[in-house]
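Numbers here simply count residues along the sequence, with the first being 1. Order of appearance sets the numbers: ligands from 1, and atoms from 1 within every ligand. Keep in mind that this is a model prediction, so the values were computed, not measured. Hydrogens, waters and symmetry mates play no part in the numbers below; they use all other heavy atoms, side chains included.
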Amino acid sequence: MIFTHRKKTMKGKGSSKSSTSSPNNNKDTGKSGRGIGASAPSNGVVYPSRPSLSNSGEFYDIAFKVMLVGDSGVGKTCLLVRFKDGAFLAGSFISTVGIDFRNKVLNIDALKVKLQIWDTAGQERFRSVTHAYYRDAHALLLLYDVTNKASFDNIKAWLTEIHEYAQQDVVLMLLGNKADATHERVVKREEGEKLAKEFAVPFMETSAKSGLNVELAFTAVARELKHRSLKEPDEPTFQLEDYVNKEMKSAGCCRT
Ligand SMILES: Nc1nc2c(ncn2[C@@H]2O[C@H](COP(=O)(O)OP(=O)(O)OP(=O)(O)O)[C@@H](O)[C@H]2O)c(=O)[nH]1
Ligand SMILES: [Mg+2]
């Protein structure tokens, strides 16, 4: 596929906390009302067709929506901030209200892939807000906290919810976050691996604090999405799980 023009991504932070917000009317919409760009085919993947006069920002070739989900306190916001800004939000825990998004453009095989990453509120009372966003998500990063058994036990319920509200072909990855917290750990890595195997989803442990595997988690998802949407019919499919395992091995298990 040839891209003759590149589109600019909106800079900064999006927010959808008010009741007027919906998955399809955030400010980065362009004219399509699909959420992330100018021309959206039925699968919602955005292939920009003309130069943009939008706010200053980076150019991109293709855009996808990624959602972070999981119990309150597992580290979704911290993971996003680590990925976007390379920083860790230490100090008191400020629970997300409603839903926020941040954009990041990644270079994947000479293509600029924009991820619009939606950070959802894990608290039960915001669940109905989150449900409305699943439908448009191309990928979901489902997090639990390795220091919180309940967050791990709730993964099955999250998977049921994902099954109910997300697209059938959504790219899904399970992340055991806070891997840096060795002393507080109550969920073994093997338990995470077992659960992931049971549900046939790729898995890795991450740390928003140390940066462990944060870049890899988002990059792997971006690669899978890019590959899926630009794949020629006779091309072999991208194996997300193999890619993740290979990358983790080549980095000696874990990387920042
Ligand atoms: N040790 C450690 N602490 C972390 C990590 N990630 C997040 N935390 C801490 O965990 C708490 C919750 O993090 P958040 O990112 O706000 O959690 P959340 O999943 O966004 O929570 P909600 O917005 O309520 O859904 C904060 O106090 C963070 O500092 C991590 O990788 N390691
Ligand atoms: Mg949060």
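The backbone N or O of Ala150 sits less than 3.5 Å from a side-chain atom of Asn148, completing a donor-acceptor pair. Panel note: side chain Asp119, backbone Ile99; no donor-acceptor pair is recorded below 3.5 Å. Of the possible donor and acceptor atoms, none in the side chain of His138 sits under 3.5 Å from a partner among the backbone N and O of Phe64. Between the Gln167 side chain and the Arg135 main chain, a donor and an acceptor come within less than 3.5 Å of each other. Between the side chain of Arg127 and the backbone N or O of Gly122, at least one donor-acceptor pair lies under 3.5 Å.
In this structure, atom 2 (C) of ligand 1 lies nearest to the protein heavy atom Asp180 OD1, 3.6 Å. With hydrogens left out, the protein atom closest to atom 5 (C) of ligand 1 is Lys178 CG, 3.5 Å, a heavy atom. Looking at atom 6 (N) of ligand 1, its nearest protein heavy atom turns out to be Asn177 ND2, 3.3 Å. Here the heavy atom of the protein found nearest to atom 24 (O) of ligand 1 is Ser95 OG, 2.4 Å.
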Kindly indicate, with the supporting measurements, whether the criterion salt bridge (charged side-chain N to carboxylate O under 4.0 Å, His left out) is fulfilled by Lys188 and Glu205. CA-CA 10 Å; Lys188 290 188 194 130; Glu205 289 197 337; over 6 Å; no
Can you check side-chain contact (heavy atoms from CB on, under 4.5 Å) on Asn107 and Tyr60, steps first, answer last? CA-CA 9 Å; Asn107 292 312; Tyr60 66 89; over 6 Å; no
Tell me, with the steps shown, if Val113 and Leu225 meet side-chain contact (heavy atoms from CB on, under 4.5 Å). CA-CA 9 Å; Val113 179; Leu225 291 169; over 6 Å; no
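Taking only nitrogen or oxygen atoms, main chain and side chain alike, Gln123 does not reach within less than 3.5 Å of ligand 1. Considering backbone and side-chain N/O of Gly73, one or more are found under 3.5 Å from N/O of ligand 1. Taking only nitrogen or oxygen atoms, main chain and side chain alike, Ala208 reaches within less than 3.5 Å of ligand 1. Some N or O of Cys78 is nearer than 3.5 Å to an N or O of ligand 1, by distance alone. Annotation: Ser72 places an N or O atom under 3.5 Å from an N or O atom of ligand 1; distance criterion only. Between Asp119 and ligand 1, no pair of N/O atoms sits closer than 3.5 Å. For ligand 1, the polar-atom distance check against Ser92 finds no nitrogen or oxygen pair separated by under 3.5 Å. For Leu89, a nitrogen or oxygen atom sits less than 3.5 Å from a nitrogen or oxygen atom of ligand 1, counting backbone and side chain alike. Residue-to-ligand polar distances place Gly75 within reach of ligand 1: an N/O pair is separated by less than 3.5 Å.
With a 4.0 Å heavy-atom cut-off, ligand 1 is reached by the backbone of Ala121 but not by any atom from C-beta on.
Leu89 belongs to a hydrophobic cluster with Val81, counting contacts under 4.5 Å between side-chain heavy atoms of Ile, Leu, Val, Met, Phe, Trp and Tyr, direct or through other members.
Hydrophobic clustering keeps Phe88 apart from Leu143 (ILVMFWY residues linked when any side-chain heavy atoms are closer than 4.5 Å, directly or through intermediates).
Between Asp61 and Lys226 there is no salt bridge, since none of the side-chain N atoms of the basic residue sits less than 4.0 Å from a carboxylate O of the acidic one.
Heavy-atom proximity to Gly91, at under 4.0 Å, picks out these atoms of ligand 1: 27 (O). Taking a cut-off of under 4.0 Å to the non-hydrogen atoms of Gly122, the atoms of ligand 1 that pass are 22 (P), 25 (O).
Within the protein, the N, O or S atoms lying under 2.8 Å from the Mg ion (ligand 2) are Thr77 OG1, Thr96 OG1.
Within the structure, every pair that satisfies the salt bridge (charged side-chain N to carboxylate O under 4.0 Å, His left out) test and touches residues 161-180, not counting sequence neighbours, is listed here: Asp145-Lys178. Sorted by first then second residue, the side-chain hydrogen bond (donor to acceptor under 3.5 Å, both in side chains) pairs that include residues 150-159, not counting sequence neighbours, are Asp71-Asn154, Asp71-Trp158, Lys149-Asp153.
Lys104 forms a cation-pi arrangement with Phe83, by the criterion of a distance under 6.0 Å to the ring centre and an angle within 45° of the ring axis.
By heavy-atom distance, the residue among Phe126, Phe93, Tyr144 lying nearest atom 12 (C) of ligand 1 is Phe93.
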